[in-house]
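Sequence lines set the chain letters: A, B, ... in the order given, protein chains first and strands last, and positions in each chain run from 1.
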Amino acid sequence: MSILPIQQLKGFYVLPITLPSPTSTTTTSSPSKKHSSKDSQVIHYMFIKKHVTKNEQESHSRSLFLVNVPVDANFNNIKKLFSQFSTGAIIESFKFNPYYDYNKLVNYNDEIDFTALSNPEFKPEPQTQQQQHQGKKGKNQNQNQNQQQNRSHCPVGCAIVTFLDKQACNLALSNVKKLIGSSSLKKHIPSWTTATEDNNSIPISGLKKYTASRKLDPKQLSLQVAQAMQEFTEREHRAAEEVEEMRELVDEDGFTLVVGSHRKTKNSILGGLKKKSDLLADAGKVKKMKKKEKQDFYRFQIRERKKMEMSELLKKFKEDQERVKVMKEKRKFKPY
Amino acid sequence: MAKRKRQSVQHADASNVSITSTSGEIDTSDLQSNIDDSSKVDISEELSEPHDVHESGDENDDDEDDDSDSEDEQPSFIKRQKKSQLSAQDVQIARETAELFKSNIFKLEIDELIKELKLKESHCKLIENSLHRLHDIIQQIPKSKEFALFEAEALFSNSKNKVVIPFPDPKPTSFKSKLQYDIPEFVSLVGSFGLKTAIQQPKGMSVDMALTMPKSLFQPKDYLNYRAIYKRAFYIAYLADQLIQLSKKNHLPIKVSYDYLNGDRLCPTILIESVSPEHPHKDDLIFEKTKMSIRLIVGFEIGLFESKKLLPDRNCIRVQTKNDSDPLPPTPLYNASLLSSTAYKYYLENLVTARKSAEAFRDAAMLGKLWLKQKGFSSHFNEGGFGHFEFATLMAALLEGGGENGNKILLHGFSSYQLFKGTIKYLATQDLCNDGYLSFSFSLDKFAAYKKNGFKVPTIFDKYTKINILWKMSASSYELLKKYAVETLCLLNDVVQDRFKPIFIQKSDDNLLKYDSLVQIPLKSIDEEGFGALEKISFLSFENFICSKIYRILSKALDERATQIHISISKKDRPWSINKRKPSSSDSHDALINIGLFLDSSRCEKKVTKGPLHSEKEAGEKFASFWGTKAQLRKYKDGNIQYSCLWQSISTESTVITIIKYILTLHLHKDISEKLIINSNKFIKLLPQPVISSKDSTQPIILPFHFQDLKNSYNELCKTLYDLNLPLVIKSIFPTSPALRNTSLLLPVPFSSSSEEFFNESIMQFETSAKWPDELIALEQTKTAFLLKIDQLLNKETAYKCFLQNDELTIPYNDKIVVLKVLTPEGYGFSFRILTERDEVLYLRAIENATDKQKKTVTDVYLRFNQKYMGSTKHHRAVATLVNHYPFYSPVVRLFKRWLDSQLLLCHFPDELVELIALKVFVDPAPFSAPSSVASGFLRLLHFLSTWNWKEEPLILDLAKEFDDDSDKGNYIDKISDRLTVQSYQVMYNNFNKLRQEDPSAIRIQYFVASKEDPSGKLWTSHRISLPIASRLTALSKAAISLLLKHQQHNGVISNKVLKLIFTPALKDYDFVVRLNVPTDFSIASGILPDNKFKNLVQTSSEFSEDVTTTADPTQRYFEELVSRYNNVMVLSTNKFIGLSDTGKVNVITGLFNPSVVNVGVG
């Protein structure tokens, strides 16, 4: 009997893989334990189907869409996995959007870049600059757009494996089908290699991982900071140039923009322009001015005001009654 | 006012028809007024013609009652009739209530409460019929012949009911006068039922009926030596015997037993309970289901004895003494009991008059009764001796006067709220014990005035009857009542919040919760030594004697450490069989003496008790004889040589308990200290003990020196930092760490680098500069550059060791945050992060620039930043001030954190939130007072959590400092109160309402905890906590508090096993449990002394390991990773402090799957 009760689920193929058991790395396998370790083999199920986007039809796609990917998936171990049952298919790239969110705050439906948000001027490819720098940055931009597209099409916890060509992709998928359909699957479940084993820069799992030093190397850090600062200065410089350009620009009416020496960016100058909310606040100010006229001069004014007060009082009374009614329904008046 | 009233009365008349047709209210009041009328007129006359009852009472009376009742109904009634119209009537009521009551809502609440409290109409009718029948039976009992004592005893022992005469102690052996029964002069309904102020009570109530013995049975000298009381005892026995015989015949199936009236041993009464017979007859009157019983009180005619002879300072029990020339001590209790027995009917009549004269008297009396009940007060000896009767009498007296010149305190036109508040205010502000007393009279020349010079006993003296209304009160119970009155007055004066609930609805009479410390002594462990004949006649019972003795000892010993000492007997005497003379002594066998202490938090932990100066010889000798060997002469810094006692400082026992143990051993019984039941110490023991003991600390419980050492090291470090030569000058360093505000679960111990709380965080700010980058991530990098510089300077130039560490978790999307960690040579760790003036601007700009889809996330990120960098410093400042103001806050919050951690909850709550919740019982303690012990604080906190309905109630805290104590110092700026105003309270309340409108089932945000520092109320409560966790906290606190109360009530002892249970997690409730073992022991490495080890055997390290980041608890990092990866599908919990586990090596991670995710998987 196949170990898979279901081979296909909502268009996905169910691919079982064995995860390295945590005990197998630490305990040397004694004959008595061998049996049990095989039993306690951890099986993980991945769900695979063809990656389809609006632009790319199924028949044209050269990517596979993976759901429930092991948390440590990367290019290397995905490659290793596919090589176990589909040698011919060469993987070009691997895109994985893992869930990692301690505070439950990350929005996986939308990309958020605080560099861009906190200062739109420093966006990697600002829309406003598109025309001006087209020549310089055209290629770069296309790539970026591509990436963004890729990313936005990869939901959280899922991965996209792109193969070299369509054939390779089809081959891989058909191999998956063949594998899970075969009666001897139980013996040939592909195994997963943890990311640590083929990439020595990351320490191993378990206690060692969690007791690893967390100190930052000051030298490396200062290098990194210095580099980042330099990049930032460049960008700032670019922005300053823009401002400079603006100063020289004479508009249709023959005015030039006044640029103070302290203003660093274009936005901080143009940002001074009023927004809708500011205008509303101004309207409030105007109203306030109006209010200075006497309110209790005519009798009708006084009468009106009294009436207002009265109805206000009554309104509050009615509200209170409602509140007490609600409280009563909730049995708030039972002292015992 | 009068005019207005008339208007409303007319209105009610006009609409009478509709009222009666729509509601049953009027019928009830009709009946009630009938009962009342009959009681007033005198039940005996009316009951002789029972068919009269339903139309009895004169017409006018009836009308009046109708009106007053329908008036209560009016608001809702008017609403029904004219909903939309704006009538003058409406406006008038709205205005009236706003003026006469505190606020509209308060009046409406009181109205509803009164409705809720009223007795059921059907019950009243039933009990009324039963009373009629009982009255008939009593009238049937014929006059007996005269019996001598032995004849009387023989009479009963021969009769088939085997009734025994309930003679009080001492039982008469020879008695010259004759005993006789005669038809009672009057039978009248007394007590709250008679006064129409009875309220619903969960345990049922008794309707008091007073029988007046005919005058002819007595001789003038019968007030002496129990004579009248013996005669009454016979009268009662005869009555009981006859009742049993006649009740069956008259179809009133009843059970008859004896019961003392309010615990007065001299005054037995007959308690009549209804029973359902096996073969019910159709005429049988059964009132069992009403839960009411009838109590027959046998009294004497008013003025039967010359009342002057029974004044409180007279002796009326003549006993033989060794030395005849010594005057006998006064017998105030005996005298008052005798006099009270003559006045049941008299007081009822006068109270009814008062009720008639003041419209709202009845409602106010009901409020008063409820208030007393919730505080655990009643007329009973053991329950304070101040109940409904005393409250109503005081209120009636205050309607006549009560001021120092006899000026009126209450006016007849007052509303029920005003009457209630006025009476409470009188109790709160006038000293009726030492300074003066209230003297009043209801007879011909009505008056009441406050007189100077009290009698040292609580006194409200009736000039006419010569009764001290407060004769059952002791000084200790009076002090307690006064304290409650003061607290309630404060609540009534609160204009900011609606305090209805803590005043009337919340019960606060549980011994475990209401006292700061409760010490119990088994009554049987004290022998009756010293309770001689003279004591017997002045105290009447051993219980009274011992209570007053203990009170005397303790109030002297504790002095200013305790604000109130309340001593009572735990046992409530129950009714006993009529076949016994008195309740069997086995009942009192396991009775406990409860010593309830209210402590002065700033004084109770002092290690020295100072006595008189050396030069004062006489006082010094007294002091020495009181304190025994503990008294010694000590010289103080100010040069004084003073008698004093020095108490050893033990970190697991409160000083007060040490003193009590010592002084009771000295003065009460030599083995008493082992028999005392003290639960409060066990709670102190639950606080984690540090490996380095607090031996030289003066107040190890409330102020361990560890915190001070940490602060010193911190200040030292800050000074160094300020002096560093940096491109920008450090402007300020704000601490945000719990240990720096004394609220960390573990005491900071040097070199305990494995502790979760080892690094104490601070926020550093530089002087203002325009050069910070105008972009968030670059700004973060610039901060890192500064930290690198500091790191380099400190490492090079000072003894401090530092390093930098990444912080990716704190603020999502900003993974470039770096913090500086500093290790001091003293052995402490600090961490610093930088805040600039650009940060907030940039986050806000990010929100502005975000697309609609991004906005929510970006806003949440900003809130997270706000919480970490700005909210935490504000919170720290607020709590650090309050910690000094409430000395017990620190240990209570630490214990609370321990409990949360033991229940795997602490990992879900930010420290700040835990501290705010714990502050609730300190800044807003109602219905209790601010706790002054670890146990009371912790228990009240649990109690609050168990009753907090966070879906519907916000927690709004007033974190203002109190100004009463230090008003003499400080300039005027300090005096501007920073208390919450109505406006700011309203703002927060509206925030809560808005939040709940958006999220009615509290899925996003469960707790709303607002204060001046955070009016939004969700700064600390969003994101981390989830609905199942919040519900779990409520459920666990409920379970814990009910378990504790159950065990406490059972026999007073809360065993260590029970406490252990409360601090053990219920792992079965989770979907899965991961058990973790780590190879090294984390208890000592975290600075915790394991339970089973001795301090001197523990090896503590005195230097840091090579890399302290590797010695941290790995389970926390594992947990962090699991949470980061899986918190979208499950709720994970763990113990934050592995060092507190049994071996210091084990931890668990538990998970609850999100049901929606699991279901999708299955489907």
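- Contacts of B/K856 with chain A are absent, with no heavy-atom separation under 4.5 Å from either backbone or side chain.
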Checklist entry - When you look at A/Y102 and B/N1127, which way does the side chain to side chain contact (heavy atoms under 4.5 Å, CB included) test go after all the steps? => result CA-CA 7 Å; A/Y102 185 70; B/N1127 71 6; 5.6 Å; no
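- The candidate with the highest count of non-hydrogen atom pairs below 4.5 Å against chain B, out of A/I112, A/V225, A/T233, is A/I112.
- Per-residue heavy-atom pair counts under 4.5 Å with chain A were compared for B/L804, B/I777, B/L842, and the maximum is reached by B/L804.
- In terms of non-hydrogen atom pairs under 4.5 Å with chain A, the most contact-rich of B/T782, B/L1076, B/T851 is B/T782.
- Under a 4.0 Å N-O distance rule, the pair B/D791/B/K801 does not qualify as a salt bridge.
- With respect to the salt-bridge test (charged N to carboxylate O, under 4.0 angstrom), the residues B/K115 and B/D111 do not qualify.
- For B/L788, the part sitting under 4.5 Å from any heavy atom of chain A is the side chain, from C-beta outward, and nothing else.
- Looking at B/D860 and B/T857, their side chains never bring a donor and an acceptor atom within 3.5 Å of each other.
- With sequence neighbours excluded, the residues forming a salt bridge (Lys or Arg N to Asp or Glu O under 4.0 Å) with B/E1121 are A/K209, B/R1125, listed by chain and number.
- Residues B/C802 and B/N795 approach most closely at N-OD1, 2.9 Å, considering heavy atoms.
- For B/N949, the CG atom counts as densely surrounded, since its 6.0 Å shell holds more than 12 non-hydrogen atoms of other residues, nucleotides or ligands.
- Within the 4.5 angstrom heavy-atom criterion, only side-chain atoms of B/L370, from C-beta onward, approach chain A.
- One finds no salt bridge joining A/R323 and A/E319 here, because no Lys/Arg side-chain nitrogen approaches an Asp/Glu carboxylate oxygen to under 4.0 Å.
- If you measure heavy-atom distances from B/K507 to chain A, you find no contacts under 4.5 Å at all.
- Proximity to chain A (any heavy atom under 4.5 Å) is restricted, for B/I199, to the side chain, taken from C-beta onward.
- In this structure, chain A has no heavy atom under 4.5 Å from any part of B/T1111.
- Using a 4.5 Å cut-off between heavy atoms, B/K501 does not touch chain A at all.
- Contact of B/Q506 with chain A is not made at all, since no heavy-atom distance falls under 4.5 Å.
- Contact count versus chain A (heavy atoms, under 4.5 Å) is highest, among B/N1128, B/V1078, B/V861, B/N814, for B/N1128.
- Within 6.0 Å of the CD atom in A/E241, the count of heavy atoms belonging to other residues, nucleotides or ligands exceeds 12.
- Between chain A and the options B/L779, B/V841, B/V858, heavy-atom pairs under 4.5 Å are most frequent for B/V858.
- Every residue two or more places apart in sequence or in another chain was checked for a side chain to side chain donor-acceptor pair (under 3.5 Å) with B/S508, and none qualifies.
- Contacts of B/V818 with chain A are made by side-chain atoms alone, with heavy-atom separations under 4.5 Å and no backbone atom involved.
- Heavy atoms closer than 4.5 Å to chain A are found nowhere in B/L844, neither backbone nor side chain.
- Interface remark: B/E109 contributes backbone and side-chain atoms alike to the contact with chain A (heavy atom separation under 4.5 Å).
- Using a 4.5 Å cut-off between heavy atoms, B/Y1118 touches chain A through backbone and side chain atoms alike.
- Inspection of the A/D72 and A/W192 side chains reveals an N or O donor paired with an N or O acceptor under 3.5 Å.
- Of the listed residues (B/L809, B/V1123, B/L1122), the greatest number of heavy-atom pairs within a distance under 4.5 Å of chain A belongs to B/L809.
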